[in-house]
2 protein chains.
Amino acid sequence: MGDLREPLRDLIECGLPQALEVMGERWSFMILRASFNGVHHFEEFLSELGIARNILSNRLAKLVEHGILKREPCADDRRKIEYRLTEKGFDLLPAMLALRQWGQKYGAEVEENPVLVDERDRMPIGPVSILAHDGRILTHEDLWLTMRHNVGKRPEDPGFVFLDGSTPDAIAARESAKKAAASA
Amino acid sequence: MGDLREPLRDLIECGLPQALEVMGERWSFMILRASFNGVHHFEEFLSELGIARNILSNRLAKLVEHGILKREPCADDRRKIEYRLTEKGFDLLPAMLALRQWGQKYGAEVEENPVLVDERDRMPIGPVSILAHDGRILTHEDLWLTMRHNVGKRPEDPGFVFLDGSTPDAIAARESAKKAAASA
DNA sequence: GGATTAGGTTTTAAGTTGCAACCAAAAACT
DNA sequence: AGTTTTTGGTTGCAACTTAAAACCTAATCC
């Protein structure tokens, strides 16, 4: 089961495949969301999500295995197990919120509830954003795609490509990426 | 006490399930990433991802159906089809980057390539972040979970819960300690 | 005209998911 | 003490999804 993604190996030049190895599975994000909403026990997840017992068992084990949740027997009732987010699990919050906000924007008109609020003023959080080094909010129109060795160079240099893909350059960029990977 | 968190259990409405309907499928995010990297044609996706033809066909159709990609016959070569990101597709960039950055942080020691840079200075982008209304960067420790009708209310009101699952009791205790101090 | 390319579909095997039943340990009830 | 209930599983089996390979059709190249 572990080497299902063989063909991706040569493609792994970013963290996405690693992230998807756990979070790409069905239910993983829903379980994560429940965790963020204060669900901690097996039977709670079960009734909250409507997932099958065996699948839940399997997913929780995988999330624990990957260090996203930690599994601790309850002190007061030793039948109970507590599943809690680790720091690594909490670090998935931006990813989950970004997905959720996107779903909210384009999906049905469900009114999000409960809501995450800023502790400081108890107002809802803003959109999850891509920030520049100096803190400016960037959109896809502000971004270029380039090989690592071009970072910081002047835009007249070759190898910069708009994110929305000026076609010939995009191909060139991909090809040089391939060659770079091949020669490395 | 326990029922402060009770309402959080039942009415969990948010955009996540909608988002996962498309993007929760295997390969969807990898196809999206390829799109962001300038891949536009069927055979390109095929060799780039190592996905099976039938699955790719199916996934592309689904992404088109959901308005994330648009499918256009090529003008110059009428055998070719161009798959391009729509605005809705571009809007998935924060979600994809957040996931990718998380995978990068905890996953492997792969050096990300190609890289997204800020058009302004051609420097790599910063982390995808949760922003407050005033632009401050928030972490999970700065966030509370509450029902929509509590937005903006003072924290002494019931219904605020820490994201890390601290019991409402803890908040109540903390707040009544504050009140006691204030009135004394 | 014949080979090749692009983008599929079909077929069949393998893997995954979901339901329902079963199980064991700890706690609660009587 | 003995039975019942709760909690967190596992097992077995049917239904569905994914994968690999072969096949198909239209357009383009030579």
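Sequence lines set the chain letters: A, B, ... in the order given, protein chains first and strands last, and positions in each chain run from 1. As a basis for the values below, the full set of heavy atoms in this structure was taken, side chains included, without hydrogen atoms, waters or symmetry mates.
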Filtered N/O pairs between nucleotides 17-20 of chain C and protein, under 3.5 Å:
residue: dT17(C); atom: OP2; partner: R59(A); partner atom: NH2; Å: 2.8
residue: dG18(C); atom: OP2; partner: W27(A); partner atom: NE1; Å: 3.0
residue: dG18(C); atom: N7; partner: N54(A); partner atom: ND2; Å: 3.3
residue: dC19(C); atom: N4; partner: N54(A); partner atom: ND2; Å: 2.4

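The stretch residues 67-83 of chain A touches DNA chain D through R71(A), R79(A), K80(A), I81(A), Y83(A), each having a heavy atom within less than 4.0 Å of the strand.
The pair D142(B)-R120(A) does not count as a salt bridge, with every side-chain nitrogen at least 4.0 angstrom from each carboxylate oxygen.
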Quick one, L163(A) with F36(B), criterion side-chain contact (heavy atoms from CB on, under 4.5 Å). Give me CA distance, side-chain angles, the key distance, then yes/no.
CA-CA 6 Å; L163(A) 234 204; F36(B) 274 113; 4.0 Å; yes
Verdict with supporting geometry, K62(B) and E25(B), salt bridge (Lys or Arg N to Asp or Glu O under 4.0 Å):
CA-CA 10 Å; K62(B) 236 172 231 182; E25(B) 306 246 24; 2.9 Å; yes
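If you take CZ of F42(A) and P of dA24(C), they are 17 Å apart, rounded to a whole angstrom. Going from atom CD of E43(B) over to atom C1' of dT4(C) covers 12 Å, rounded to whole Å. Atom CD1 of I31(B) and atom P of dG7(C) are 14 Å apart (whole Å).
S129(B) contributes no side-chain N or O that, together with a main-chain N or O of L131(B), makes up a donor-acceptor pair within less than 3.5 Å. In this structure a side-chain-to-backbone donor-acceptor pair under 3.5 Å is present from T86(A) to G67(A).
Taking the six-membered ring for Trp and the full ring otherwise, the centers of Y83(B) and H40(B) sit at least 6.0 Å from each other.
Here H41(A) does not reach the OP1 or OP2 of dT7(D): none of its side-chain N or O atoms lies under 4.0 Å away.
Qualifying ring-ring contact (aromatic ring centres under 6.0 Å, His included) partners for F45(B), counting only residues two or more places apart in sequence or in other chains: none.
Under the 4.5 Å side-chain criterion, counting only non-hydrogen atoms from C-beta, M30(B) is not in contact with M96(B).
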